[in-house]
Protein chains: 2
Amino acid sequence: MDNEKYDALKIENQLCFPLYACSREIIKQYKPFLDEIDLTYTQYITMMVLWEKKSLTVKELGSCLFLDSGTLTPLLKKMEAKGLLARRRSEEDERNLIVTITEKGESLKEKAVKVPAEMAKCTNLEPEEAMELYKILYKILGRSGK
Amino acid sequence: MDNEKYDALKIENQLCFPLYACSREIIKQYKPFLDEIDLTYTQYITMMVLWEKKSLTVKELGSCLFLDSGTLTPLLKKMEAKGLLARRRSEEDERNLIVTITEKGESLKEKAVKVPAEMAKCTNLEPEEAMELYKILYKILGRSGK
DNA sequence: TTAAATTTAATTGTGTACAATTATTACAGT
DNA sequence: ACTGTAATAATTGTACACAATTAAATTTAA
């Protein structure tokens, strides 16, 4: 009989590890498609929010993406330099920085629409598994997801 | 009727995004416990492999963790400096660098065993959900997981 | 056997993540 | 109005990730 005292420390008994590994592996699969539209994965999900919301504060964006200003400030500056979005302070409350999508950012959506189509070919999950995974992940995140 | 052409680009229809967000959120939950044993999350999973295998090459370690030498080389150097492991070239094949756990690395396991115990209290998943999640993640990773 | 191809780590450069701190603005209570 | 508190971004410093390249050792094949 093996000593079971340390079983909880075995990598194959972790739940966070495959989550972490999966996340990175899938993001790597995105890379060739995202390269074609000159976006990193983080920039891509930022654009997703902007395509939907058009305009929001850094705080709100961070809440959508689970990222803080330490990550977003330099990211948004780069995206502004690329012409995808504009950054300006709110007039009602100067503490808020408002991020707004530009025409160029809007038009990128046309090219980007191919990305999820290409990525769909890469998955090996059944639709029910994907749905189950989705539900569990959003339960962990503490949001409904819809 | 909404234009459905772009639905696949909505953040709430992504599977990778909650994976990425979950992974980071859980790793953040590890932080206070890992701080107590002076390990980062990446160092922690590296130690997990070493507690199990005792000795292996950078290549093998990278295969376990889905990481390459670009990430591992500096990580292992820091861990060597902390005295948790030793690095030496293989004598049979000088291309291989062999990583071996030290006594100090072994003894850290005693303290580390509390980490999964503490983390278990943080989860809001049912055991069946955790098992289902585990299965799906390892299906994506293309390994059995056991 | 020796030149070409392969394998393995290390290095280089870019891009996040994130904790902690700082600076600015707004607000609350007096 | 004035003081302390809170909220929001930006900054700073550390630690990954990873693509691409380099360098060294080994293997393969002509």
Side-chain angles (χ1 to χ4, degrees), chain A residues 16-17 19-36 38-47 56-63 65-82 84-85 87-99, chain B residues 16-17 19-35 38-47 56-63 65-82 85 87-99:
Chain A
C16 183
F17 170 69
L19 214 47
Y20 157 82
C22 258
S23 160
R24 290 184 298 113
E25 288 301 304
I26 296 178
I27 289 171
K28 261 185 250 183
Q29 292 187 346
Y30 268 103
K31 184 158 197 310
F33 308 121
L34 293 181
D35 277 352
E36 296 196 22
D38 190 32
L39 290 180
T40 64
Y41 182 74
T42 314
Q43 291 169 4
Y44 176 58
I45 59 177
T46 299
M47 289 310 299
L56 75 177
T57 67
V58 169
K59 166 104 171 150
E60 290 165 339
L61 181 60
S63 164
L65 299 179
F66 295 84
L67 291 170
D68 66 11
S69 69
T71 301
L72 289 174
T73 297
L75 184 83
L76 295 172
K77 283 181 178 176
K78 281 177 214 162
M79 294 175 77
E80 182 179 41
K82 285 200 223 183
L84 298 174
L85 53 83
R87 296 163 70 247
R88 64 180 160 77
R89 289 283 166 180
S90 162
E91 287 172 16
E92 308 94 66
D93 187 339
E94 296 265 350
R95 289 173 302 185
N96 289 303
L97 189 139
I98 299 176
V99 179
Chain B
C16 183
F17 170 69
L19 213 47
Y20 156 82
C22 261
S23 160
R24 289 184 297 112
E25 289 300 305
I26 296 178
I27 289 172
K28 263 186 248 182
Q29 292 188 345
Y30 269 104
K31 184 158 197 310
F33 308 121
L34 293 181
D35 278 350
D38 191 32
L39 290 180
T40 64
Y41 182 74
T42 315
Q43 291 169 5
Y44 175 59
I45 59 176
T46 300
M47 288 311 299
L56 74 178
T57 66
V58 168
K59 166 104 172 152
E60 290 164 339
L61 181 60
S63 164
L65 299 178
F66 294 85
L67 291 170
D68 66 12
S69 68
T71 301
L72 290 174
T73 296
L75 184 82
L76 296 171
K77 283 182 178 176
K78 281 177 215 165
M79 294 175 77
E80 183 179 41
K82 287 201 225 183
L85 53 82
R87 298 163 68 248
R88 66 180 158 78
R89 290 282 166 182
S90 163
E91 286 172 14
E92 308 93 66
D93 187 339
E94 296 264 351
R95 288 173 303 185
N96 289 304
L97 188 138
I98 299 176
V99 178

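Just so it is clear, the structure is predicted and the values come from calculations on it, not from any experiment. Here is the naming used below: chain letters follow the sequence lines, and residue numbers restart at 1 for every chain.
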Please report the distance, rounded to the nearest Å, between [atom1] in [X] and [atom2] in [N].
X: B:L34; N: D:dC16; atom1: CG; atom2: C1'; value: 14 Å
X: A:L61; N: D:dT8; atom1: CG; atom2: C1'; value: 14 Å
X: B:K28; N: D:dC16; atom1: NZ; atom2: P; value: 17 Å
X: B:Y20; N: D:dC18; atom1: OH; atom2: P; value: 12 Å
X: B:R89; N: D:dA23; atom1: CZ; atom2: C1'; value: 10 Å
X: B:K31; N: D:dT14; atom1: NZ; atom2: C1'; value: 10 Å
X: A:Q29; N: D:dA19; atom1: CD; atom2: C1'; value: 16 Å
X: A:L97; N: D:dA9; atom1: CG; atom2: P; value: 7 Å

Short side-chain N/O contact from [X] to OP1 or OP2 of [N], under 4.0 Å:
X: B:K78; N: D:dT14; answer: no
X: B:T40; N: D:dT14; answer: no
X: B:R24; N: D:dC16; answer: no
X: A:S69; N: D:dA10; answer: no

Near-ring test B:Y20/A:F66, centroid separation under 6.0 angstrom: no

First and last nucleotide of DNA chain C touching chain A, 5' to 3', heavy-atom cut-off 4.0 Å? C:dG15 to C:dA26

Select from A:E25 and A:D93 the residue whose nearest nucleotide in DNA chain D is closer to the 5' end of that strand. A:D93

With nearest nucleotide decided by heavy atoms, which residue, A:D35 or A:G70, maps closer to the 5′ end of DNA chain D? A:G70

Determine whether a donor-acceptor pair (one donor, one acceptor, N or O, separation below 3.5 Å) exists between the side chain of A:T73 and the base of D:dA9. no

Does the [X] side chain pair with the main chain of [Y], one donor and one acceptor, at a distance under 3.5 Å?
X: A:Q43; Y: A:T40; answer: yes
X: B:T73; Y: B:S69; answer: yes
X: A:R89; Y: A:R95; answer: yes
X: A:S23; Y: A:L19; answer: no

Base, sugar-phosphate or nothing for [X]? Non-hydrogen atoms, less than 4.0 Å.
X: A:E92; answer: sugar-phosphate
X: A:T71; answer: base
X: B:Q43; answer: sugar-phosphate
X: B:L75; answer: sugar-phosphate

Sort and list the pairs that fulfil salt bridge (Lys or Arg N to Asp or Glu O under 4.0 Å) and have at least one residue in residues 69-81 of chain B, not counting sequence neighbours. B:E80-B:R87

Tell me, which pairs form a salt bridge (Lys or Arg N to Asp or Glu O under 4.0 Å) where one or both residues lie in residues 26-35 of chain A, sequence neighbours left out? A:E25-A:K28, A:K31-A:D35

May I ask you to check whether over 12 heavy atoms, not counting those of A:K59, lie within 6.0 Å of atom NZ? no

